[in-house]
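First comes the structure, then the notes that go with it.
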Amino acid sequence: MVRVSRAELARAASQMRERGLLEASQFVSALATSLPRVKPRTKLVEEEEDDASFELARIFFEKRQYRQCASSLKDASDTKSCFLRWHALALDAVGKPEELQALRASLALASDTDAFHAYLHGTVLIECEAYEEAKVELVKAIGKFPLNWSAWTALAKLVTGPGELAGLELPKEHFMADFFLAYLSVELQDCAKALEIYQNLAADFPNSDYVVAQAALVHYNLRNFDRAQALYEQLLSKDPDRIQGMDVYSNILYVKEAFAELSYLAHRAMETAKYTPEACCIAGNYFSLRQQHEKAVLYFKRALKLNPDYLSAWTLMGHEYLELKNPPAAIDAYRRAVGVSPRDYRAWYGLGQTYEFLQMPYYALYYYRRAAQLRPTDARMWCAMGQCYESEKLDMTSAAIRCYRRAYVNDDREGVALHKLANLHKQLGQDEYAAHYFRKNLIRINEEKATGSDAVEALLFLATHCKNIGSLSEAEEYCTQLLDFGGPAKEKAKSLLMEIRNMQDLHDAPSPGGMDISYSP
């Protein structure tokens with residue numbers, strides 16, 4: 001006869017599960033539940049025996065065998081077991097409207113008594129698209145148990161703006177409210193506010209990797225790539241096998257065309273965390289930088305098999321399809337990204353680029369506007385809209401000028417807006433405005449020590465314009481700078497210099513009778 005109790009097996013199963021031995025723990029838990037309960041039962045023995053059923057259910061849950069998890073807890077009455085059972089049923093019911101509605105009704109009765117039931121009720125309501133009711137339940141869950149970060153993040157997805165927070169009864173004095181506000185600010189693209197909050201949180205949680213990773217993400221969104229890279233490298237120096245957030249780090253290395261660093265990161269990620277969406281995304285970026293776009297798409301698809309709601313993979317796959325000149329596939333990928341998160345400005349911007357590639361400026365303009373609404377301080381959004389207004393089909397020069405002005409005041413780092421503004425005013429015959437923007441663009445070019453056609457065009461226009469209005473010294477200065485360039489620009493500068501010096505000689509020559517003839521342009 002077997003001399004082992006149900007409670008003893010439950011304890012063994014728990015010890016093995018804590019050590020990651022899921023198969024062994026499941027085997028022993030199943031044996032425990034097959035034994036009869038001890039009679040008479042003390043409270044301690046009863047709890048240990050109940051733990052056997054819960055241990056088995058928890059293993060089923062971790063192995064994503066949700067139906068079996070719920071079935072093994074069908075006779076449970078304690079709060080913890082009921083939550084796990086309903087949680088399993090909720091995950092199994094995703095995409096099954098009838099089952100979700102039945103679960104919604106069951107949870108409505110329990111949500112008032114337990115914080116976790118209220119949270120679960122809120123997530124089910126989100127699946128049922130009952131967003132206002134979901135907000136109420138999530139606020140209730142947070143009020144009862146503020147440390148449930150999942151409840152805060154679920155609520156953040158339902159809040160459309162900071163103005164809504166005043167109407168929500170949240171525990172604003174709790175430190176978790178600061179984490180929530182920072183997270184929400186990142187979601188709403190209010191990067192300055194998010195960075196300020198994370199800096200304050202870093203003082204309270206000086207060794208928090210989460211705070212450092214979020215600060216790096218904010219700097220990435222602000223396009224402060226050097227600072228973001230430094231923070232991600234700080235995280236890697238602390239934990240070389242870290243994978244969380246490294247997909248964003250790979251985006252930075254991609255933008256900076258850091259081949260060696262991205263290659264090392266990709267190989268490291270595939271060695272340590274091959275079957276994670278982040279590792280697949282990093283590999284996709286690596287192959288994209290090497291212009292192997294088909295291979296990049298393959299890795300982004302692998303990331304999406306691991307996590308169908310992985311936003312970065314949908315957006316980056318859209319970029320790859322656009323590189324492969326496959327607009328239908330790009331549009332589908334970008335739309336899937338928008339479906340996962342309507343706040344992803346990159347997907348809206350990608351849709352605009354795709355329709356612009358298809359020479360459909362009205363559609364492109366709509367999507368660029370959506371991107372600009374999410375990122376009103378991003379000069380790239382306004383430049384993209386300006387280019388649409390410039391197109392032959394729209395030919396709305398005044399609207400294009402307004403967009404480029406918005407880009408300029410929002411720190412257009414590439415200098416696209418200044419060059420466009422100068423040329424548009426030149427086309428309209430507004431030479432003074434054109435000269436103003438050409439001068440500003442020339443200052444930018446000189447500060448960046450850049451050379452190229454933009455500098456030549458600005459110098460030629462300014463030399464001609466200054467000559468025409470009689471600012472001969474300034475015109476001569478621009479021509480002198482043009483002599484440093486080769487080709488037709490140099491010859492044009494020589495010709496202009498001859499004209500300018502002839503005009504200066506005429507201006508300086510004495511008139512008959514000793515009177516000077518003043519020159520008027």
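Position 1 is the first residue of the sequence, and the numbers go up from there.
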Measuring from atom CG of Leu120 to atom CD of Glu137, what distance do you get when rounded to the nearest 0.5 angstrom? 10.5 Å

Tell me if a side-chain donor or acceptor on Arg380 pairs with a main-chain N or O of Tyr349 at a distance below 3.5 Å. no

Could you report the tightest heavy-atom contact between Ser185 and Ala194, atom names first, then the distance? CB-CB, 3.7 Å

Are any non-hydrogen side-chain atoms of Glu390 and Leu424 less than 4.5 angstrom apart? yes

Tell me, yes or no, whether the heavy-atom count around Lys238 atom NZ, taken from other residues, nucleotides or ligands under 6.0 Å, exceeds 12. yes

For Phe61, is the NZ or CZ atom of Arg58 found under 6.0 angstrom from the centre of its six-membered ring and inside 45 degrees of the ring axis? no

Closest heavy-atom contact between Ala330 and Leu322? CB-N, 4.0 Å

Leu188 side, atom CG; Leu181 side, atom CG - distance, nearest 0.5 Å: 10.5 Å

Measuring from atom SG of Cys191 to atom CZ of Arg223, what distance do you get when rounded to the nearest 0.5 angstrom? 12.0 Å

Tell me whether Tyr220 at atom OH has more than 12 heavy atoms from other residues, nucleotides or ligands lying less than 6.0 Å away. yes

Spell out, as yes or no, whether a donor-acceptor pair under 3.5 Å connects the side chain of Trp152 to the backbone of Leu147. no

Taking atom types as modelled, find out whether Glu233 and Tyr249 have a side-chain donor-acceptor pair closer than 3.5 angstrom. yes

If only atom types and distance count, is the side chain of Tyr404 paired as donor or acceptor with the main-chain N or O of Gln387 below 3.5 Å? yes

Answer yes or no: is there an ion pair linking Lys420 with Glu414, defined by an N-O contact shorter than 4.0 Å? no

Can you say whether the rings of Tyr210 and Phe179 are parallel (under 30°), tilted (30 to 60°) or perpendicular (over 60°)? tilted

Residue from Glu133, Glu99, Glu98 passing salt bridge (charged side-chain N to carboxylate O under 4.0 Å, His left out) with Arg104: Glu133

I want to check something: taking the side chain as every heavy atom from C-beta on, are Glu294 and Phe287 in contact at a cut-off of under 4.5 Å? no

What pairs with Lys96 under salt bridge (charged side-chain N to carboxylate O under 4.0 Å, His left out), at least two apart in sequence or on another chain? Asp92

Tell me, with the steps shown, if Leu155 and Leu170 meet side chain to side chain contact (heavy atoms under 4.5 Å, CB included). CA-CA 11 Å; Leu155 180 62; Leu170 296 170; 3.9 Å; yes

From SG (Cys281) to CE (Met317), nearest 0.5 Å: 11.0 Å

What pair of heavy atoms forms the shortest contact from Ala266 to Ala283, and how long is it? CB-CA, 4.4 Å

Would you confirm whether Asp332, through its side chain, and Pro328, through its main-chain N or O, come within 3.5 Å as a donor-acceptor pair? no

Quick check on His267: does its NE2 atom have over 12 non-hydrogen neighbours (other residues, nucleotides or ligands) under 6.0 Å away? no

Under the 3.5 angstrom rule, does the side chain of Asn423 hit a backbone N or O of His419 as a donor-acceptor pair? yes

Quick one about Lys63 and Gln68 (side-chain donor to acceptor, distance below 3.5 Å, no hydrogens or angles considered), yes or no? no

On a heavy-atom basis, which atom in Pro240 and which in Ser237 lie closest, and how many Å separate them? CD-O, 4.5 Å

Side chains of Leu306 and Cys280: does their closest heavy-atom pair fall under 4.5 Å? yes

Between Tyr119 and Phe145, is the ring centre distance below 6.0 Å? no

Derivation and outcome, salt bridge (Lys or Arg N to Asp or Glu O under 4.0 Å), residues Glu132 and Lys135: CA-CA 5 Å; Glu132 291 304 316; Lys135 278 185 196 176; 3.5 Å; yes

So do the side chains of Asn285 and Leu265 get within less than 4.5 Å of each other, counting heavy atoms only? no

Return the orientation label for the Tyr363 and Tyr355 ring planes: parallel under 30°, perpendicular over 60°, tilted otherwise. parallel

Would you please test Asp247 and Tyr310 for side chain to side chain contact (heavy atoms under 4.5 Å, CB included) and show each step? CA-CA 11 Å; Asp247 50 343; Tyr310 189 44; 2.4 Å; yes

Show the nearest heavy-atom pair for residues Val139 and Glu169, with the distance to one decimal. CG1-O, 3.4 Å

Taking Trp348 for its side chain and Pro342 for its backbone only, find out whether a donor-acceptor pair lies under 3.5 Å. yes

Stepwise, does the side chain to side chain contact (heavy atoms under 4.5 Å, CB included) test hold for Leu253 with Gln229? CA-CA 8 Å; Leu253 298 177; Gln229 182 177 354; 3.9 Å; yes

Criterion side chain to side chain contact (heavy atoms under 4.5 Å, CB included) on Leu165 and Phe180, from CA distance to verdict: CA-CA 11 Å; Leu165 296 179; Phe180 170 70; 3.7 Å; yes

Tyr334 and His319 aromatic centres sub-6.0 Å: yes

Keeping Trp314 on the side-chain end and Val338 on the backbone end, is there a donor-acceptor pair under 3.5 Å? no

In terms of relative ring orientation, are Phe175 and Phe205 parallel, tilted or perpendicular, with 30° and 60° separating the classes? tilted

Can you give me the closest heavy-atom contact between Ala407 and Cys383, atom names plus distance? CB-SG, 3.6 Å

Keeping Ser263 on the side-chain end and Phe259 on the backbone end, is there a donor-acceptor pair under 3.5 Å? no

Those residues at least two apart in sequence (or on a different chain) that pass side chain to side chain contact (heavy atoms under 4.5 Å, CB included) with Tyr433 are His425, Gln430

Look at the side chain of His436 and the backbone N and O of Glu432, then say whether any donor-acceptor pair between them is shorter than 3.5 Å. no

